[in-house]
Amino acid sequence: MSMYDDVDQYIGARRVTGLTVSPDFSRAVIVVAALDDSRTEYRTSLWEIDVDGSSSARRLTHGEWGESAPVFTASGDLLFSRRSNKDDPARLWVLPAAGGEARLLETRSAGLSDIRTARSGYGLVGFSPVFGSSSTDEDDDALRAERTANKVDAILHMGVPVRFWDHDLGPATPHLFIGSADGSIGLRDLTANAAGALHEAAFDVSADGSFVVSTWARRRSRPTAVRSCLSVNRSRLPNEHHE
């Protein structure tokens, strides 16, 4: 009997949910999802696979709450997202190409996700949620801490869209942040005027890190009408190491 003949075996089978390849095509890392001990949730981990197919896959991470969204930097380091617990946002970690333990790279309280890197230089771009009333990172951190302390999870919707498939949007909205893949330069908001324009957006960075292109939602004449267009931001990413 194969796993396809038994529902429990099929649900419990490990599955690949992501893949990234190094710039020189010498390394490949996959995201593997597997049921936890209670068989009620999937946990993800990163595995390196031999691009020549001559050796078995090797597990790279063992975080309790899982890792995801791996991406290589131009120098071969591996960036990935990791959660410290179920309710915390994903934080950006780095596993050096030269070996050693993974370390936390960025500590923004809202987390950083969907990382993209340039093929040259040290630049990275990623999404991080920002509250609309925040004017600084300190304001945003304070609002997030206050909501957590008071156990507030309500969302006040003042426009559309309010939901995407299986989840509500908000209360914070995604912004694109740029930074340095070696951690030497702090994150900077690239789209301070985004409001809700980057909900479920797609984006990428040019090979040389000279610009970022993304989809951008614009309101039309009717309040419920939204159209998507392409937006280009030419804020160059870091291309040198800073001590």
Side-chain angles (χ1 to χ4, degrees), residues 2-74 76-97 101-106 108 110-119 124-129 163-169 172 174 176-177 181 198-205 214-215:
S2 73
M3 70 174 182
Y4 298 105
D5 298 319
D6 184 279
V7 173
D8 288 335
Q9 287 190 44
Y10 177 72
I11 293 175
R14 293 189 300 179
R15 59 207 62 199
V16 176
T17 61
L19 166 70
T20 187
V21 180
S22 63
D24 62 0
F25 303 105
S26 64
R27 300 178 63 196
V29 171
I30 58 175
V31 182
V32 176
L35 285 176
D36 61 9
D37 293 338
S38 66
R39 297 182 65 83
T40 57
E41 288 187 88
Y42 285 99
R43 295 283 188 268
T44 54
S45 56
L46 304 184
W47 295 66
E48 182 163 357
I49 57 176
D50 183 4
V51 294
D52 296 324
S54 58
S55 61
S56 301
R58 177 173 63 95
R59 186 167 181 172
L60 298 177
T61 61
H62 295 79
E64 180 181 358
W65 292 96
E67 297 82 16
S68 60
V71 60
F72 283 99
T73 67
D77 295 339
L78 183 67
L79 305 180
F80 61 90
S81 296
R82 170 182 281 174
R83 295 181 184 276
S84 58
N85 62 58
K86 182 178 179 180
D87 299 318
D88 273 358
R91 303 292 174 84
L92 183 63
W93 288 65
V94 57
L95 186 62
E101 294 293 324
R103 60 181 176 85
L104 184 63
L105 185 64
E106 290 292 349
R108 179 173 166 76
L112 194 68
S113 61
D114 296 329
I115 304 300
R116 305 285 188 275
T117 58
R119 293 183 186 176
L124 65 83
V125 185
F127 277 129
S128 188
R163 190 172 176 82
F164 184 83
W165 289 101
D166 63 347
H167 62 274
D168 290 325
L169 300 178
L176 283 172
F177 281 74
L198 291 171
H199 278 310
E200 306 301 330
F203 77 98
D204 208 345
V205 58
S214 72
T215 56

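Heads up: numbering here begins at 1 and tracks the sequence.
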Original post:
Side chains of L124 and T73: closer than 4.5 Å at any heavy-atom pair?
Top reply: no
**OP:** Indicate yes or no for a side-chain donor-acceptor contact from D77 to the backbone of A97 under 3.5 Å, with no hydrogens or angles considered.
**Re:** yes
Original post:
Is the number of heavy atoms from other residues, nucleotides or ligands under 6.0 Å of D37 CG greater than 12?
Top reply: no
**OP:** Indicate the atoms forming the closest heavy-atom contact of R108 with S128, along with that distance.
**Re:** NE-OG, 2.6 Å
Subject >> S45 side chain reached by E67 side chain, heavy atoms, under 4.5 Å >> reply: yes
Original post:
Under a 4.5 Å cut-off applied to non-hydrogen side-chain atoms, are V29 and F72 in contact?
Top reply: yes
Original post:
Roughly how far apart are R82 CZ and W93 CH2, rounded to 0.5 Å?
Top reply: 5.0 Å
**OP:** Could you tell me which non-hydrogen atom of A118 sits nearest to which non-hydrogen atom of A74, and how far apart they are?
**Re:** O-CB, 3.9 Å
Subject >> Non-hydrogen side-chain atoms of S26 and V51 separated by less than 4.5 Å >> reply: no
Original post:
Just by modelled atom types, is the A202 backbone N or O under 3.5 Å from a matching donor or acceptor in the T215 side chain?
Top reply: yes
Subject >> Heavy-atom closest contact (L95 atom, A102 atom, distance) >> reply: CD1-N, 3.7 Å
**OP:** Provide the closest heavy-atom pair for P174 versus H199 in the form atom of the first, atom of the second, distance.
**Re:** CD-ND1, 3.5 Å
**OP:** To the nearest 0.5 Å, tell me how far T61 OG1 sits from L46 CG.
**Re:** 4.0 Å
Subject >> Interatomic distance, R163 atom CZ to L169 atom CG [nearest 0.5 angstrom] >> reply: 9.0 Å
Original post:
Is it true that a side-chain atom of R43 and a backbone atom of E41 form a donor plus acceptor pair closer than 3.5 Å?
Top reply: no
Original post:
How long is the gap from CG on L60 to CD1 on I30, to the nearest 0.5 Å?
Top reply: 9.5 Å
Subject >> Over all atoms of both residues, closest heavy-atom pair of S113 and S81 >> reply: CA-OG, 4.3 Å
Original post:
Do W47 and R58 have side chains that get closer than 4.5 Å, going by heavy atoms?
Top reply: no
**OP:** Go through the structure and list residues passing ring-ring contact (aromatic ring centres under 6.0 Å, His included) with F127, not counting sequence neighbours.
**Re:** F203
Original post:
Rounded to the nearest 0.5 Å, how far apart are CZ of F177 and CG of L92?
Top reply: 13.0 Å
Subject >> Shortest non-hydrogen contact from T17 toward A33 >> reply: CG2-CB, 3.9 Å
**OP:** Supply the atom-to-atom distance R15 CZ to L35 CG, rounded to the nearest 0.5 angstrom.
**Re:** 7.5 Å
**OP:** For D50, check salt bridge (charged side-chain N to carboxylate O under 4.0 Å, His left out) against everything at least two apart and list the hits.
**Re:** none
Subject >> Validation row: Y42, I11 side chains within 4.5 angstrom (heavy atoms) >> reply: yes
**OP:** Under the salt bridge (charged side-chain N to carboxylate O under 4.0 Å, His left out) rule, collect the residues that match up with E106, sequence neighbours excluded.
**Re:** none
